[in-house]
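Below you'll find the structure, written out as structure tokens, and then a few comments.
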Amino acid sequence: MEIFHLSAECYPMAKVGGLADVVGALPKYQTNAGHQVRVVVPCYDTKFRKENEFECVHWGNVKLGNFDFPFSVLKETSDKLGYELYLIEIKELFDRPNVYGYDDDIERFLSFQIASLDWILARGEVPAIINCHDHHTGVVPFLIKYAYKYASLQNVKTVITIHNGLYQGWFGFDKLYYLPEFDLRHVGFLEWNNSINSLAVGVKCAHAVTTVSPSYLNEINYAANGLESLFNSVRNKSNGILNGIDIEVWDPSKDKMLEYHYSIENFELGKQKNKEKLCEQFDLDPDKPLFSFIGRLFEEKGGDLLPQASALSLSENFENINILILGSGNSEIESQLTQLRNDYKGNYNVFIGYNEELAHLIYAGSDYILMPSRVEPCGLNQMYAMRYGTVPIVRRTGGLRDTVIDFGDEGNGICHDQASVGDICYSINRAVKLYDDKISFNTVLKRGMTADHSWERVCQEYIEIYNLIIEKNEI
Ligand code: ADP
């Protein structure tokens with residue numbers, strides 16, 4: 001079947017977080033399974049855009065109310081990604097280095113959605129499925145159903161996949177005129193709490209809703225930044241599908257970003273070499289267990305708990321542990337974490353910023369990965385970490401609950417229940433004891449390394465949902 005994925009992010013073209021990894025991997029496995037898969041993302045000014053060849057396959061003008069933006073559709077010309085990648089180039093709106101964070105983000109992503117549909121319409125072929133991802137593409141299911149100009153796409157079935165329900169793409173009804181003309185009897189689908197809520201629109205209008213883990217599907221019924229009752233009301237068309245990981249990109253035996261490769265056969269030596277390199281780079285002691293964190297430094301990730309939890313754990317265990325943090329986000333958290341460097345020199349370090357290569361080295365060279373998240377729709381870090389023989393320490397929430405089991409229950413990691421400094425420190429203490437018992441530690445680590453998180457199984461679950469909504473054939 002012909003499947004389109006519309007998304008704000010796709011690795012390696014543009015990545016901020018897990019959304020990019022999923023949209024960069026799932027289509028590859030769907031293509032391998034025999035489907036025609038096309039991924040459409042905005043054309044940002046990224047390294048990938050600059051270093052790769054594209055051909056223009058369509059151009060037009062996207063109308064956003066009174067504004068008119070010329071746009072082109074650029075197709076990536078090599079076959080190296082394993083799926084067809086198309087970029088929507090709207091120079092005024094996307095020729096910038098960052099994916100998000102601009103005052104005109106609403107205009108940017110609405111234009112992206114309208115231009116994508118204009119192009120899909122102009123092709124003349126009607127795809128079977130459009131899989132939208134997060135709020136940046138949430139208006140698409142509405143437009144397909146009710147905008148007059150897309151009437152010939154009405155048979156397309158739409159899915160919205162929720163990678164993060166906290167962000168919803170709100171805008172006021174004063175911007176309603178941005179949308180192509182639609183049947184006004186359906187204006188109610190746009191509304192949530194007196195504004196237009198892009199995510200809610202997608203959830204209401206798509207034929208199916210998926211979340212990126214089963215536990216997250218349950219959690220959004222009582223914690224979804226105001227959309228709880230909506231998620232409750234669409235349970236009959238919702239499914240939680242745990243993400244996979246791209247085991248071709250994330251493979252310690254041939255990871256292009258690593259100098260020292262290893263597998264389950266020789267992980268002790270391989271990890272030790274990566275750890276020595278990492279510790280040398282960050283002035284840490286490779287003979288002590290290394291606890292790392294990689295991610296966005298926000299409350300949702302428990303980032304606000306990290307400074308105090310690190311300080312307390314380091315004071316208690318000063319002779320025993322190292323902590324290394326890679327991330328960026330809230331400036332207050334960033335400065336607290338940077339401050340700690342002075343107090344715990346030789347045992348603690350932090351890299352503020354985004355660095356893909358360093359992330360790979362951290363997964364390979366650490367003993368533990370910390371994930372004290374308050375909210376974690378799926379979480380990929382714990383799966384990458386496990387594949388690289390790094391034991392996850394997680395708060396039981398969302399996808400972390402679905403993938404990590406405490407070693408006390410013969411599992412693959414260390415778990416706690418509260419998003420609190422106390423719980424993190426308690427888990428770190430348990431981890432130090434476990435690390436000292438090499439046989440038990442290696443048993444836990446190997447359980448993680450051998451777990452199957454591949455996309456093949458997951459890809460099939462998506463296809464089953466697509467087939468189901470095609471068979472039902474509801475408008
Ligand atoms: P998110 O909520 O941010 O999407 P996920 O766990 O789903 O969280 O995915 C995070 C992805 O982003 C992983 O691939 C992780 O390695 C990567 N990542 C996050 N922050 C950084 C950073 N500062 N540098 C490099 N990679 C990062």
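Order of listing sets the numbers, starting from 1, for every ligand and every atom in it. Along the sequence shown, the residues carry numbers beginning at 1.
Atoms of ligand 1 found under 4.0 Å from any heavy atom of D21, numbered from 1 in the order shown, are 13 (C), 14 (O). Applying the 4.0 Å criterion to heavy atoms of A359 picks out, from ligand 1, the atoms 25 (C), 26 (N). Each of the atoms 23 (N) of ligand 1 lies under 4.0 Å from some heavy atom of G327.
Of the protein's heavy atoms, L380 N, 2.9 Å lies nearest to atom 6 (O) of ligand 1. Protein heavy atom closest to atom 10 (C) of ligand 1, with residue, atom name and distance, is N381 OD1, 3.5 Å. The protein heavy-atom contact nearest to atom 20 (N) of ligand 1 is G295 CA, 3.4 Å. The nearest heavy-atom contact from the protein to atom 16 (O) of ligand 1 is Y363 OH, 2.8 Å. Among protein heavy atoms, atom 4 (O) of ligand 1 sits closest to G18 N, 2.5 Å. Remark: minimum distance from atom 23 (N) of ligand 1 to any protein heavy atom is reached at G353 O, 2.8 Å. With hydrogens left out, the protein atom closest to atom 22 (C) of ligand 1 is Y354 CD1, 3.4 Å, a heavy atom.
Between W250 and ligand 1, not a single N/O pair is under 3.5 Å apart. Of the polar atoms of Y384, none of the N or O atoms is found under 3.5 Å from an N or O of ligand 1, judged by distance alone. An N or O contact shorter than 3.5 Å is missing between E356 and ligand 1 by distance. For ligand 1, none of its N or O atoms has an N or O atom of S328 under 3.5 Å away. In terms of polar-atom proximity, defined here as any N/O pair under 3.5 Å, R296 does make such a contact with ligand 1.
Taking the centre of each ring, F231 and Y216 stay at or above the 6.0 Å mark. Aromatic ring centres of Y83 and H5 lie farther apart than the 6.0 Å criterion allows. The distance between the ring centers of Y363 and Y384 falls below 6.0 angstrom. Taking the centre of each ring, W170 and H135 stay at or above the 6.0 Å mark.
Remark: of the listed residues Y368, Y435, Y348, Y368 is the sole one forming a ring-ring contact (aromatic ring centres under 6.0 Å, His included) with F291. The ring-ring contact (aromatic ring centres under 6.0 Å, His included) test with H136 is passed by exactly one of F112, Y167, Y100: Y100. For the side chain to side chain contact (heavy atoms under 4.5 Å, CB included) with H163, the lone residue among V212, T210, T211 that qualifies is V212.
Within the 4.0 Å heavy-atom criterion, neither part of N164 lies near ligand 1. Contacts with ligand 1 closer than 4.0 Å are made by side-chain heavy atoms of K301 only, the backbone lying farther away. Looking at N355 against ligand 1, only its backbone comes within 4.0 Å, counting heavy atoms.
Atom CD of Q281 has more than 12 heavy atoms from other residues, nucleotides or ligands within 6.0 Å.
In this structure, D367 does not pair ionically with K288, as no charged nitrogen and carboxylate oxygen lie closer than 4.0 Å.
The shell of residues lying under 4.0 angstrom from ligand 1, judged by heavy atoms, includes K15. Residue contact check for ligand 1: C378 places no non-hydrogen atom closer than 4.0 Å to it.
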Q: Kindly indicate, with the supporting measurements, whether the criterion side-chain contact (heavy atoms from CB on, under 4.5 Å) is fulfilled by K446 and N412.
A: CA-CA 8 Å; K446 282 191 207 161; N412 48 13; over 6 Å; no
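The closest side-chain donor-acceptor pair between Y354 and E356 falls under 3.5 angstrom.
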Side chains of residues 418-426: which donor-acceptor partners sit under 3.5 Å, not counting sequence neighbours?
unit_1: S420; atom_1: OG; unit_2: D423; atom_2: N; d: 3.1
unit_1: D423; atom_1: OD2; unit_2: D417; atom_2: N; d: 3.4
unit_1: D423; atom_1: OD2; unit_2: Q418; atom_2: N; d: 2.8

